[in-house]
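A short write-up of the structure that comes next.
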Amino acid sequence: MQHLFDTTGLNQQTALSILSDTLHGLDDGELFLEWTSSENFLLDDGRLKNASTDITQGFGMRGVLGEASSYAHSNEFSEAALKRAAETVRAVNYGQSPSQADTHAPLGTNKQLYMQDNPLEAVATKQKIATLRAIDTYLRDKDTRVRQVSASLAGEVQHVTILRADGQMISDIRPLVRLNVSVVVEKDGRLESGSSGAGGRVLYADYLQESNWQRQADEALRQALVNLEARPAPAGEMPVVLGPGWCGVLLHEAVGHGLEGDFNRKGTSTFSGRVGEQVTSKGITIVDNGTIPDRRGSLNVDDEGTPTGETVLIEDGILKGYMQDRMNARLMGVPATGNGRRESYAHRPMPRMTNTYMQAGSHSRDEMIASVKRGLYATHFSGGQVDITSGDFVFNASEAYMIEDGKITTPVKGATLIGNGPVAMQKVRMIGSDMALDEGIGTCGKGGQSVPVGVGQPSLLIDPITVGGTATA
């Protein structure tokens, strides 16, 4: 595979010499080189509102000593820039001592989870714009209640090369594309919206096929029309059934972040020091898996050069371990799990999720619904907040229905789920056999950095949970 020293003009041996001198006596570190080309097309109300391309390039140099790290970055590929960065990185050595923990280089890998091609060049720009216009026309022709349509295509290809002080060099080429559709409908003066999207580490071709973009357009319209009929959600404690797939975003936020290595090493997670304990209901198994082909959160190697893997975090309700980058793994005396990720060359890596999901159980969704006298069925979330230290969360349901006498009835809007992640996982009464991953739209924020991720889960019955609503008595 081509590495960035071939294209940036930076001399590999010079870079290695500077890096080796800089990291001498430290526990760890690396030189991370990146070149990313990206594009975005947005059609709004029949007009092309945005057509942009961008190139991001640069390097980041990191030194790690004990639990301290220093980092310097530049968008200039030159020997002078490397030397300036090295002066900053050496600062970590002032007054510090090595941790004495063993530091091993990442293992090599030949796996290829996605095509090493450039999605930006695979399809002509005019075809991408024509697809967006077709989506607009399709939705307006399909339903006279449609008032506004927005459709966007975004793509990028990221080249990374990671150089270590011992001369080990790891490179990866990462494609990523995404299609989004949103629609606003009107009935009797009431406006409501719906949205849908899909993406992954593939080329554009999948999403430019009529059957695929129509599926996303149909889903956005369906959600909007459901919201037109929704009434204000009630409030109170009640059983909640969560749908499969995208509802895994609640699992990601309320549980997943609490299983990242840095929070647990520092003792700030509600899961800290609890390996071997039962932390959820029996039957719950949660994994982080960065090796699923073509998925948005998948990587051949993480941003430290460690191959990604399938990490069992919770098995049958028992906490088995955490997601680790190299520094936190070394300090905790465990192997790195391939979860060291960074937004770009301008950011230092930290432990982050890839594709995090709950494995399937044995119950059907119909069985769950039938067991509920009065409760809520939530199928989509639009956002929320989580306190990592306590696990407390608030999530907004963008599509939800009442369950009455064991049947799904009226759609409701304004429902929020309020609770505590670990506590909610202790209240899971049924786990569905319908595990699904999301369509490929997840982006995770942490420490000011955003990275693409995947989420997933089967249908779940949680009994009970606090529902916040807007219905008046």
Side-chain angles (χ1 to χ4, degrees), residues 190 192-196 219 222-256 280-281 283-284 357-358 360-361 363-386 391-436 438 455-473:
R190 176 176 173 177
E192 294 291 349
S193 63
S195 63
S196 185
E219 174 61 16
R222 185 198 64 79
Q223 287 185 27
L225 295 178
V226 166
N227 288 332
L228 270 183
E229 306 303 323
R231 62 179 174 85
E237 280 205 341
M238 62 186 73
V240 173
V241 177
L242 301 178
W246 177 243
C247 283
V249 69
L250 190 151
L251 178 76
H252 169 104
E253 295 289 356
V255 177
T280 70
S281 296
I284 290 180
Y357 54 91
M358 183 187 299
H363 295 277
S364 70
R365 189 202 66 156
D366 290 344
E367 183 182 358
M368 299 179 198
I369 299 296
S371 72
V372 175
K373 177 69 175 177
R374 182 177 183 274
L376 189 77
Y377 175 49
T379 63
H380 288 86
F381 291 105
S382 58
Q385 295 179 333
V386 177
D392 292 340
F393 65 79
V394 177
F395 272 87
N396 306 315
S398 56
E399 183 180 355
Y401 304 81
M402 290 302 299
I403 304 173
E404 297 170 297
D405 295 324
K407 296 180 179 179
I408 297 173
T409 58
T410 310
V412 294
K413 62 178 302 182
T416 58
L417 302 189
I418 304 167
N420 177 276
V423 172
M425 290 298 102
Q426 293 277 7
K427 295 180 178 181
V428 173
R429 187 150 59 89
M430 293 186 190
I431 304 171
S433 58
D434 55 351
M435 201 290 287
D438 75 291
V455 301
Q457 68 171 46
S459 296
L460 294 179
L461 172 57
I462 306 176
D463 187 14
I465 194 169
T466 300
V467 176
T470 56
T472 56

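Note that the numbering runs from 1 along the sequence shown for the chain.
- Around atom CZ of Arg222, more than 12 heavy atoms belonging to other residues, nucleotides or ligands sit under 6.0 Å away.
- Arg190 places a side-chain N or O within 3.5 Å of a backbone atom of Leu228 that can act as its donor or acceptor partner.
- Pro458 is listed as a side-chain neighbour of Met358, based on a closest heavy-atom distance under 4.5 Å.
- Evaluation of the side chain to side chain donor-acceptor pair (under 3.5 Å) rule for Arg231 yields no partner, not counting sequence neighbours.
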Requested in this report: Evaluate side-chain contact (heavy atoms from CB on, under 4.5 Å) for Thr280 paired with Val428, printing each intermediate quantity in order.
Outcome: CA-CA 8 Å; Thr280 70; Val428 173; over 6 Å; no
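- Here the shortest heavy-atom pairing between Ser371 and Arg429 reads OG-NH2, 4.0 Å.
- Counting only heavy atoms from C-beta outward, the side chains of Leu376 and Met238 approach each other to under 4.5 Å.
- Scanning all heavy atoms of the two residues, the minimum distance from Cys247 to Phe381 falls at SG-CE1, 3.7 Å.
- Rounded to the nearest 0.5 angstrom, Thr379 OG1 and Glu399 CD are separated by 3.0 Å.
- Although no hydrogens or angles enter the test, the distance criterion places a donor-acceptor pair under 3.5 Å between the side chain of Thr409 and the main chain of Met402.
- Judged by distance alone, with hydrogens and angles left aside, the side-chain atoms of Gln385 form no donor-acceptor pair with the main-chain N or O of Val394 at under 3.5 Å.
- Rounding to the nearest 0.5 Å places CD1 of Ile408 at 6.5 Å from CD1 of Ile403.
- Of all the heavy atoms in Ala360 and Ile431, the pair that sits closest is C-CG2, 4.1 Å.
- In this structure, Glu404 CD and Thr410 OG1 are separated by 5.5 Å, a value rounded to the nearest 0.5 Å.
- Scanning both residues, Val467 and Ala415, for their nearest heavy atoms gives CG1-CB, 4.4 Å.
- The shortest side-chain heavy-atom distance between Leu251 and Leu242 does not fall under the 4.5 Å cut-off.
- Taking CG of Leu225 as the reference point, atom CD of Gln223 lies at 10.5 Å (rounded to 0.5 Å).
- Contact annotation: the side chain of Met435 approaches that of Tyr357 to within less than 4.5 Å [non-hydrogen atoms, C-beta and beyond].
- Atom NZ of Lys413 and atom CG of Asn396 lie 12.5 Å apart (nearest 0.5 Å).
- Pro244 and Ala436 make their closest contact through CB-CB, 4.3 Å (heavy atoms, listed as atom of the first residue, atom of the second, distance).
- Here the side chains of Tyr377 and Arg365 are in contact, with some heavy-atom distance below 4.5 Å.
- Ser459 and Asp434 share a side-chain donor-acceptor pair at under 3.5 Å.
- Nearest heavy-atom pair, Ile284 versus Met425, reported as atom, atom and distance to 0.1 Å: CD1-O, 3.5 Å.
- Between Val241 and Leu460, the closest side-chain pair of non-hydrogen atoms is not below 4.5 Å.
- Atom CD1 of Ile465 is separated from atom CG of Asn420 by 10.0 Å, given to the nearest 0.5 angstrom.
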